[in-house]
2 protein chains.
Amino acid sequence: MKKEADVFFEFLVGKGLKFTSQRKIILNIFLNTEDHLSVDDLFVLSRREDETIGYATVHRTLKLIKESGLAREVDFGEKRKRFEHLFGHKHHDHLICTKCGDAIEVFDPKIEKLQEKLAQKYGFKPSFHRMEIFGLCKKCGKREPHPV
Amino acid sequence: MKKEADVFFEFLVGKGLKFTSQRKIILNIFLNTEDHLSVDDLFVLSRREDETIGYATVHRTLKLIKESGLAREVDFGEKRKRFEHLFGHKHHDHLICTKCGDAIEVFDPKIEKLQEKLAQKYGFKPSFHRMEIFGLCKKCGKREPHPV
DNA sequence: GTAAAACATGATATTGATTTTCAATTTCAT
DNA sequence: ATGAAATTGAAAATCAATATCATGTTTTAC
């Protein structure tokens, strides 16, 4: 069992909640998937492992995982929310391909610095931020060199 | 009538659509409000001017305005979408106060440059981006100097 | 060990925003 | 004025997110 599971366990204990078999399955699948999953995605994956898991449980568990600090919500401009787990990932932003939907994780310390400065300039106390660049990824950019 | 209305008119004509009285009212109110409006906000405002305008019409018109390039969708982490008009506004990003909901428009050319570079580094062709910094605005930061 | 209390679960219902449908109306080129 | 095409507002449908609820599990108190 990963140390992430311990973090989640401690979080649950702290709230008087239980680390049930369903929550274990859902957490593990979520942590082992290097992808940006919607509740529905995770529900489908979880069902493969346990035929009886319900959608509501996945939804609730993902919410708890997020509260525990192990995940954050991301928005790629779709209707549905997605989640990404944060273990083994430093803070990062995204390049999102509008063609294939692929999301590349990126980080630029200079940008981060400037964001801090920018906030300061307005007397603003930043707690978190979000930056997404939309466009065509390398592959899709090659495939579509001549926009119609 | 503003030149923005001309842009919208041309857009409509290009699609074989009509610049009706409802669309005029909705467009004008939208352009004259320096705020980030939801469909519902705009619906309420429009009703003040014309008691008979329907929600669906506001929704559809806002969609058209967006398609015409006069507006873009913004997401301040709420449930509902908001829209901001782009005329008289250069490209900008936002500082969003998580306490009072206020959104400050900001722009930093250095960040923009670095975003371009960052994309390049990954062979990514950016078409647009989004950057939001969440935290406490000047006022709210002062009011709450000691987090509990 | 047993009963009560607390928590969890899965199915279903509800919510709230968004989007579509549809019959009636308006627009506009002729 | 006429007819084809577009528009409208009300209502219904959609869809993800969330809440409810009856039933199961644990845990705890005795």
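Note that these values count all heavy atoms, side chains included, but never hydrogens, waters or copies made by symmetry. Below, chains carry the letters A, B, ... as their sequence lines are ordered, and counting in each starts from 1.
At whole-Å resolution of the value, CZ in A:F43 and C1' in C:dA11 are 11 Å apart. One atom, NZ of A:K79, and another, P of D:dT14, lie 11 Å apart when rounded to the nearest Å. Rounding to whole angstrom units, CZ of residue B:R80 and P of D:dA17 are separated by 17 Å. One atom, CG of A:L64, and another, P of C:dC7, lie 13 Å apart when rounded to the nearest Å. For the pair A:L62 CG and C:dT9 P, the computed distance is 14 Å after rounding to whole Å. Computed from coordinates, the A:F11 CZ to C:dC7 P distance equals 14 Å when rounded to whole Å.
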Interface polar pairs with nucleotides 4-12 of chain D, N/O, under 3.5 angstrom:
residue: D:dA6; atom: O4'; partner: B:K18; partner atom: NZ; Å: 3.1
residue: D:dT7; atom: OP1; partner: B:K18; partner atom: N; Å: 2.7
residue: D:dT7; atom: OP1; partner: B:R23; partner atom: NH1; Å: 2.5
residue: D:dT7; atom: OP1; partner: B:R23; partner atom: NH2; Å: 3.4
residue: D:dT8; atom: OP1; partner: B:T20; partner atom: OG1; Å: 2.4
residue: D:dT8; atom: OP1; partner: B:Q22; partner atom: OE1; Å: 3.4
residue: D:dT8; atom: OP2; partner: B:R23; partner atom: NE; Å: 3.4
residue: D:dT8; atom: OP2; partner: B:R23; partner atom: NH2; Å: 3.3
residue: D:dT8; atom: O3'; partner: B:Q22; partner atom: NE2; Å: 3.2
residue: D:dG9; atom: OP1; partner: B:T52; partner atom: O; Å: 3.0
residue: D:dG9; atom: OP2; partner: B:G54; partner atom: N; Å: 3.2
residue: D:dG9; atom: OP2; partner: B:T57; partner atom: OG1; Å: 2.1
residue: D:dG9; atom: N7; partner: B:R60; partner atom: NH2; Å: 2.7
residue: D:dG9; atom: O6; partner: B:R60; partner atom: NH1; Å: 3.3
residue: D:dA10; atom: OP2; partner: B:R47; partner atom: NH2; Å: 3.3

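For the OP1/OP2 pair of C:dG16 and a distance below 4.0 Å, the side-chain nitrogens and oxygens of B:K81 include no atom meeting the criterion. Applying the 4.0 Å criterion to OP1 and OP2 of D:dA17, one finds that A:H59 has every side-chain N and O outside that range.
The number of heavy atoms from other shown groups lying within 6.0 Å of CZ (A:F9) does not exceed 12.
Applying the under-4.5 Å side-chain rule to Ile, Leu, Val, Met, Phe, Trp and Tyr, the cluster around B:L114 extends to A:L95, A:I104, A:V106, A:I111, A:L114, A:L118, A:Y122, A:F124, A:M131, A:I133, B:L95, B:I104, B:V106, B:I111, B:L118, B:Y122, B:F124, B:M131, B:I133. Under a 4.5 Å side-chain heavy-atom cut-off, the cluster of Ile, Leu, Val, Met, Phe, Trp and Tyr residues that includes A:V74 is completed by A:F76, A:I96, A:F134, B:F128.
Note: A:H89 and A:H92 have tilted aromatic rings, judged against thresholds of 30 and 60 degrees for the angle between ring planes.
Side-chain N/O atoms of B:D40 and B:S38 include no donor and acceptor closer than 3.5 Å.
Aromatic ring centres of B:F30 and B:F83 lie farther apart than the 6.0 Å criterion allows.
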